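Step one of this worksheet: look at the structure below.
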Number of protein chains: 2
Amino acid sequence: MKLSEGVEWGLHCVSVLAGLPSGATLPTKTLAEYHGLSETYLSKHLQALTNARIIESVPGPRGGYRLLRLPEEITLLEIVEAIDGREPLFRCTEIRQRGPLACEASAQAYRLPCGIHVAMARAEKAWREALKTQTLADIVNQYTQDVDPQQQQRRNQWMSERLRSAPKKS
Amino acid sequence: MKLSEGVEWGLHCVSVLAGLPSGATLPTKTLAEYHGLSETYLSKHLQALTNARIIESVPGPRGGYRLLRLPEEITLLEIVEAIDGREPLFRCTEIRQRGPLACEASAQAYRLPCGIHVAMARAEKAWREALKTQTLADIVNQYTQDVDPQQQQRRNQWMSERLRSAPKKS
DNA sequence: GGATGAATACTCGGATATTTATTGTCCGAGTCATCCTGG
DNA sequence: CCAGGATGACTCGGACAATAAATATCCGAGTATTCATCC
């Protein structure tokens, strides 16, 4: 099992968008070029982020994507779920109710949830909580601290040459 | 993304094996029949559990599978990893090093790990830790507490009619 | 010169192929139990 | 009646297809810009 690669793409893209001036947008083409990704496939994931109301799209020439909320208000869990889906990792199919003995069992024998299901859900909750407590702002701050300042400046320069200022708020 | 269904199958099967008398075995056929599963496909997963040294196989007639260790010494993480693989959920492909700016960047610009990779790994560790702190014995105990005693007895009866006593320890 | 209108280029959005991973199946190798034969 | 050996049936083990999901791509809908034309 593995997470979709789109999750990685999405996380990097929203991190870039978080670093832009307020209201500014970047088109798919620029985001794809910067990361060396397929433009058309990245578009699919940016759509998913748009549907999840994490980013918003500005159509037409000079259009693009920008964050819909502040980085502090966007958790990593939201981004992961937007791209990879909201369904649980472990899906209990109730195989305890499928054997030959299950047919004879009283109805109330299965009123309590499956213990295995509970145990797996517990671990999954820990994962989601860990993702929920980390926001996009944390990622950006870490980037600012860790990455070579010269490299940061190069990125800002490159981005500023390609970003589009927003005409107005939606 | 979803975990393999085989994880659910494996968890239920080892739970059943944990309830057997010491040394007794059950063949794939019985385990599959009890849960209403495909015998051949379940066999594949039991193989994986064998390779992970969680259960062991006894070949030949009157053969089958049995736990290789005590339930207290088998964590859920081991079972999950045995079937679903030990690779991480999130795989950082270092796309930060793939853009046009990355080529010009100094080598030491990427000495520190990718912040997104770190954040995702943190969540994943929480998931693994939660699985690691729960053992097979916990599952069995919960089952003993929750499930209708009459149903438990029916299961024990059904199993005792099909289990094979172990000739000797390996 | 300014305003209006149509044409245009660029953007996102969803529907459509291709590749990979998961799911499911089959047949062969090995082993213990059973049965038959001989002492 | 007991021991030995060959036979046979049952088990696991890994190699081989079918299905589902993820990956990658293409073309159409919509919009702000731009340019030409008219007033």
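Numbered from 1 within each chain, the chains take letters A, B, ... in sequence-line order. For clarity, every value in this text was computed on a predicted model and none was experimentally measured.
Comment: A:Glu33 does not engage A:Lys29 in a salt bridge, judged by the lack of any side-chain N to carboxylate O separation of less than 4.0 angstrom. The pair B:Glu56-B:Arg66 meets the salt-bridge criterion, since a charged nitrogen lies less than 4.0 angstrom from a carboxylate oxygen. Between A:Glu87 and A:Arg91 there is a salt bridge, since at least one side-chain N of the basic residue sits less than 4.0 Å from a carboxylate O of the acidic one. At a threshold of 4.0 Å, the pair A:Arg128-A:Glu81 counts as salt-bridged, since one of the basic side-chain nitrogens sits closer than that to a carboxylate oxygen. Ionic pairing of A:Glu78 and A:Arg86 is not present here: no N-O contact between side-chain nitrogen and carboxylate oxygen is shorter than 4.0 angstrom.
Look at CG on B:Leu46: it is 10 Å from C1' on D:dC12, rounded to the nearest Å. Atom pair A:Arg62:CZ and D:dT33:C1' shows a separation of 9 Å (rounding to whole Å applied). We find that CG of B:Leu3 is positioned 15 Å from C1' of C:dT23, with the value rounded to whole Å. Protein atom CG of B:Leu37 is 13 Å distant from nucleotide atom C1' of C:dG24, rounded to whole Å. When the P atom of C:dT22 is taken as reference, atom CZ of A:Phe90 falls 16 Å away, rounded to whole Å. Straight-line distance from the CD atom of B:Glu56 to the P atom of D:dG13: 10 Å, rounded to whole Å. Rounded to whole angstrom, the span from the CD atom of A:Gln47 across to the C1' atom of C:dT11 amounts to 12 Å. The nearest whole Å value for the distance from the NZ atom in A:Lys2 to the C1' atom in C:dT22 is 11 Å.
Nearest heavy-atom pair across A:Cys13 and A:Leu46 is CB-CD2, 4.4 Å.
If you check every strand for non-hydrogen atoms under 4.0 Å, B:Gly6 touches nothing.
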Base versus backbone protein contacts along nucleotides 24-30 of chain D [heavy-atom cut-off under 4.0 Å; B, S, -]
BBB---B
Evaluate side-chain hydrogen bond (donor to acceptor under 3.5 Å, both in side chains) for A:Glu8 paired with B:Thr93, printing each intermediate quantity in order.
CA-CA 8 Å; A:Glu8 184 183 10; B:Thr93 59; 2.8 Å; yes
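The cationic atom of A:Arg96 (NZ for Lys, CZ for Arg) does not lie both less than 6.0 Å from the six-membered ring centre of B:Tyr143 and within 45° of the ring axis. A cation-pi arrangement is absent between B:Arg154 and B:Trp158, since the terminal nitrogen or guanidinium carbon is not both under 6.0 Å from the aromatic centre and inside a 45° cone about the axis.
In this model, the phosphate group of C:dC10 is not approached by any side-chain N or O of A:Arg164 to a distance below 4.0 Å at OP1 or OP2. Between D:dC12 and B:Thr28, a contact under 4.0 Å exists linking OP1 or OP2 to a side-chain N or O. Taking side-chain N and O atoms only, B:Ser57 has a distance below 4.0 Å to OP1 or OP2 of D:dG13.
Of the two residues contacting DNA chain C, namely A:Met1 and A:Asn51, the nearest-nucleotide position lying further toward the 5' end is that of A:Asn51.
Side-chain proximity of A:Tyr65 to C:dA33, C:dG13, D:dT23: nearest is C:dG13.
Near DNA chain C, meaning a heavy atom under 4.0 Å from it, residues 81-89 of chain B has no residue at all.
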